[in-house]
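One structure is given below, encoded as structure tokens.
We number each residue from 1, following the sequence as shown.
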Amino acid sequence: MASRLLKLLQDNPVIASVKDADALGSVLGSECRIVFLLYGSVLNIASIVQTLKEQGKIVFVDVDLLEGFASKDIVITYLKIHTATDGVLSSKAFMVKAAKEQGLYAVHRIFLIDSMSYQNVNKQLKASRAEAIEILPGCMPRVIAWLVDDVTIPVIAGGLVCDKDDVVAALKAGAAAIASSNQGVWIM
């Protein structure tokens with residue numbers, strides 16, 4: 001599945017990060033094929049995912065940001081059974097691992113805030129067995145290049161990717177794709 005995800009990212013290097021209903025409405029008419037869904041609750045996640053799927057979107061749900069769910073791998077089973085989600089994002093290794101075991105795409109979100117968090121990346125990836133990593137913030141071309149050299153899975157640059165220059169810099173540094181909630185970036 002990892003090679004399928006890499007191909008998907010290469011074919012769709014700009015990912016729409018959707019964090020509210022207004023952005024949901026905007027992404028439905030956009031050309032972004034991949035959506036990182038950063039909001040929802042136990043009450044509406046199935047219908048939000050269905051709305052995106054009806055528009056031909058590939059949907060990744062950030063399970064850490066869902067309201068009304070506990071941080072337990074049963075959430076992954078719920079999403080697999082009750083939604084049409086394609087994949088999961090999480091900063092928790094056990095959640096990413098559970099998603100992969102359920103046959104969903106599994107992206108590990110890692111916040112790189114200092115050298116200690118960078119040095120911990122491979123340990124986290126070994127535990128999660130993720131198919132891709134999303135690093136936040138994604139506006140650090142030098143760090144993206146280091147990470148691309150250090151890991152064997154696709155790197156997605158997310159967070160604070162604000163404009164075309166950030167997109168170009170991240171992709172030039174080796175990121176397979178970028179994820180941004182900035183709707184101006186979606187149309188590049």
Take Val161 and Asn182, measure what side chain to side chain contact (heavy atoms under 4.5 Å, CB included) needs, and give me the verdict at the end.
-> CA-CA 8 Å; Val161 178; Asn182 181 335; over 6 Å; no
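- Ring orientation note: the planes of Tyr105 and Phe60 are close to parallel, at an angle under 30° on the 30°/60° scale.
- Taking all atoms of both residues into account, the shortest heavy-atom contact from Ser17 to Leu38 is CB-CD1, 3.7 Å.
- Within the 3.5 Å criterion, the main-chain N or O of Ala127 finds no donor-acceptor partner in the side chain of Lys97.
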When you look at Val107 and Val96, which way does the side chain to side chain contact (heavy atoms under 4.5 Å, CB included) test go after all the steps?
-> CA-CA 6 Å; Val107 177; Val96 176; over 6 Å; no
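- Side chains of Arg33 and Leu8 form a contact here, defined as non-hydrogen atoms less than 4.5 Å apart.
- Surrounding CD of Glu31 are at most 12 heavy atoms belonging to other residues, nucleotides or ligands under 6.0 Å away.
- In this structure, the ring pair (Phe, Tyr, Trp, His ring centres under 6.0 Å) partners of Tyr78, at least two apart in sequence or on a different chain, are Phe69, His82.
- Asn12 places no side-chain N or O within donor-acceptor distance of the main-chain N or O of Ile34, the cut-off being under 3.5 Å.
- In this structure the side chain of Leu89 never reaches within 4.5 angstrom of the side chain of Leu37, judged on heavy atoms.
- When side chains are defined from C-beta on, Met95 does not count as touching Val88, because their heavy atoms never get closer than 4.5 Å.
- You'll find the side chain of Phe111 stays beyond 4.5 Å of the side chain of Ser117, heavy atoms only.
- Side-chain contact check for Leu112 versus Val143: some heavy-atom pair is nearer than 4.5 Å.
- Residues Asp86 and Lys57 are not paired through a salt bridge, judged by the lack of any N-O separation under 4.0 Å between the basic side chain and the carboxylate.
- Under the 3.5 Å distance criterion, the side-chain polar atoms of Asp149 are left unmatched by any main-chain donor or acceptor of Trp146.
- Within the 4.5 Å cutoff, side-chain heavy atoms of Leu52 are placed close to those of Leu28.
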From CA spacing to verdict: side chain to side chain contact (heavy atoms under 4.5 Å, CB included), Leu65, Tyr39 | CA-CA 6 Å; Leu65 299 177; Tyr39 84 104; over 6 Å; no
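- The closest donor-acceptor contact from the side chain of Thr85 to the backbone of Val59 lies under 3.5 Å.
- When side chains are defined from C-beta on, Thr83 does not count as touching Val61, because their heavy atoms never get closer than 4.5 Å.
- Arg129 is listed as a side-chain neighbour of Glu101, based on a closest heavy-atom distance under 4.5 Å.
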Show your reasoning for whether side chain to side chain contact (heavy atoms under 4.5 Å, CB included) applies to Val121 and Asp150.
-> CA-CA 9 Å; Val121 167; Asp150 287 347; over 6 Å; no
